[in-house]
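Only one structure is covered here, and it is reproduced in the block below.
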Number of protein chains: 2
Amino acid sequence: MKIGELVKRSGLSAHTIRYYERIGLLPPADRDRSGQRDYDVSILTWIEFLNRLKTTGMPIRDMLLYAALRARGTETEAERKALLEEHRERVRAHVAELQDCLLVLDTKIAGYAGVEERIKIHDARQTKRR
Amino acid sequence: MKIGELVKRSGLSAHTIRYYERIGLLPPADRDRSGQRDYDVSILTWIEFLNRLKTTGMPIRDMLLYAALRARGTETEAERKALLEEHRERVRAHVAELQDCLLVLDTKIAGYAGVEERIKIHDARQTKRR
DNA sequence: CTACGGGTTAGAGTGCACTCTAAGTCAAGG
DNA sequence: CCTTGACTTAGAGTGCACTCTAACCCGTAG
């Protein structure tokens, strides 16, 4: 798979793919005889996982750490697990915080709805009096 | 309340408070006779709400929009409500996405735990054979 | 043969949200 | 009077994660 196809299948831009490779988030791609990047489909699984980490707010430097451990092989699995467990805790905490904020938003929105109600009631009264 | 106290009570830095005022997120502060900012406690409620918006990922330009509507008074309440409702939807969607990612993390972590299990079993067998 | 559509690189530029610097003012305490 | 520390401003700098530019190369279809 050339970079153009990977762009389509991964959702990343070619710029971003090369950038990720440059900083070490993606392994150095194999090249065809003319020097162009030639990807194995398995890269898609990795990119998808990176996307999960990114969505959950993991900074690139932590992803790099994970990628480096992964590159070092099986011996680093305990460390990788610990890294993910810590991250999971942060994500859980963040979700809890967001849910808290959602309650505040609900209250605020309900307050505005209340205002609308009061306007309607007020208008109704005005109408009656006319 | 001077800026120093607001720093302590709001958690924002003085730099950030002045920056927020400059861009219009905070209303222009009253000044004492020597020109220093003098805040009313009510500003804390507003800052707290801004923090909620920020935590939930609202970009500053949207907060500015909300702040501008607020400054225009009661007539903009329907618009503000709509803005918050849209935002709430985005936050809900984001929370759902995060929960999805959490499941992926759980699976991944369980996979590593599985590896540890297999190592233990393998070691146990080795011990038996010895 | 040549145009075209892809690819290549190093490095510059972007947008966001701060964060800090430099140089100055001001009021109270010793 | 002088120091201290909190405040003031305009504007520069930071860190992140891309995103794009310029100038180039390569293989194939017409």
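Convention: sequence-line order gives letters A, B, ...; per-chain numbering from 1.
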Could you please name the option among [options] that lies closest to any side-chain atom of [X]?
X: B:His15; options: D:dG27, C:dC20, D:dC18; value: C:dC20
X: B:Tyr19; options: C:dC18, C:dC20, D:dT21; value: C:dC18
X: A:Ile3; options: D:dT8, C:dG7, C:dT19; value: C:dG7
X: A:Gln36; options: C:dG6, D:dA6, C:dT19; value: C:dG6
X: B:Arg31; options: C:dG7, D:dT9, C:dT19; value: D:dT9
X: B:Lys54; options: D:dC18, C:dC18, D:dT8; value: C:dC18

CD-NE2 distance between A:Gln99 and A:His94, expressed to the nearest 0.5 angstrom: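 With rounding to 0.5 Å, CD (A:Gln99) is 10.5 Å from NE2 (A:His94).
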
Distance (rounded to the nearest 0.5 Å) between A:Leu102 CG and B:Arg88 CZ: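 One finds 8.0 Å between CG of A:Leu102 and CZ of B:Arg88.
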
Distance-minimising heavy-atom pair for A:Ile17 and A:Leu26: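 Minimum heavy-atom separation between A:Ile17 and A:Leu26: O-CD1, 3.8 Å.
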
Can a side chain N or O of [X] be found less than 4.0 Å away from OP1 or OP2 on [N]?
X: B:Tyr20; N: C:dC18; result: yes
X: B:Arg61; N: C:dC16; result: yes
X: A:Arg22; N: D:dA17; result: no

Whole-Å distance separating the [atom1] atom of [X] from the [atom2] atom of [N]:
X: B:Tyr39; N: D:dA6; atom1: OH; atom2: P; answer: 16 Å
X: B:Arg18; N: C:dG24; atom1: CZ; atom2: P; answer: 17 Å
X: B:Ile17; N: C:dT19; atom1: CD1; atom2: P; answer: 12 Å
X: B:Glu21; N: C:dC18; atom1: CD; atom2: P; answer: 16 Å
X: A:Leu6; N: C:dG7; atom1: CG; atom2: P; answer: 10 Å
X: A:Asp32; N: C:dG6; atom1: CG; atom2: C1'; answer: 11 Å
X: B:Met1; N: D:dC7; atom1: CE; atom2: P; answer: 12 Å
X: B:Ile23; N: C:dC16; atom1: CD1; atom2: C1'; answer: 11 Å

Mutual orientation of the aromatic rings belonging to B:Tyr66 and B:Phe49 [parallel < 30°, tilted 30-60°, perpendicular > 60°]: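 B:Tyr66 vs B:Phe49 ring planes: tilted.
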
Sugar-phosphate only, base, or nothing, as touched by B:Arg37 at under 4.0 Å among non-hydrogen atoms: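 Answer is sugar-phosphate: B:Arg37 comes under 4.0 Å of backbone atoms only.
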
5' priority, DNA chain C, between B:Arg33 and A:Lys8 [closest heavy atom]: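 On the 5' side of the pair lies A:Lys8.
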
Backbone of A:Arg72 reached by a side-chain donor or acceptor of A:Thr76 within 3.5 Å: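 Checking the backbone N and O of A:Arg72 against the side chain of A:Thr76, no donor-acceptor pair under 3.5 Å is found.
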
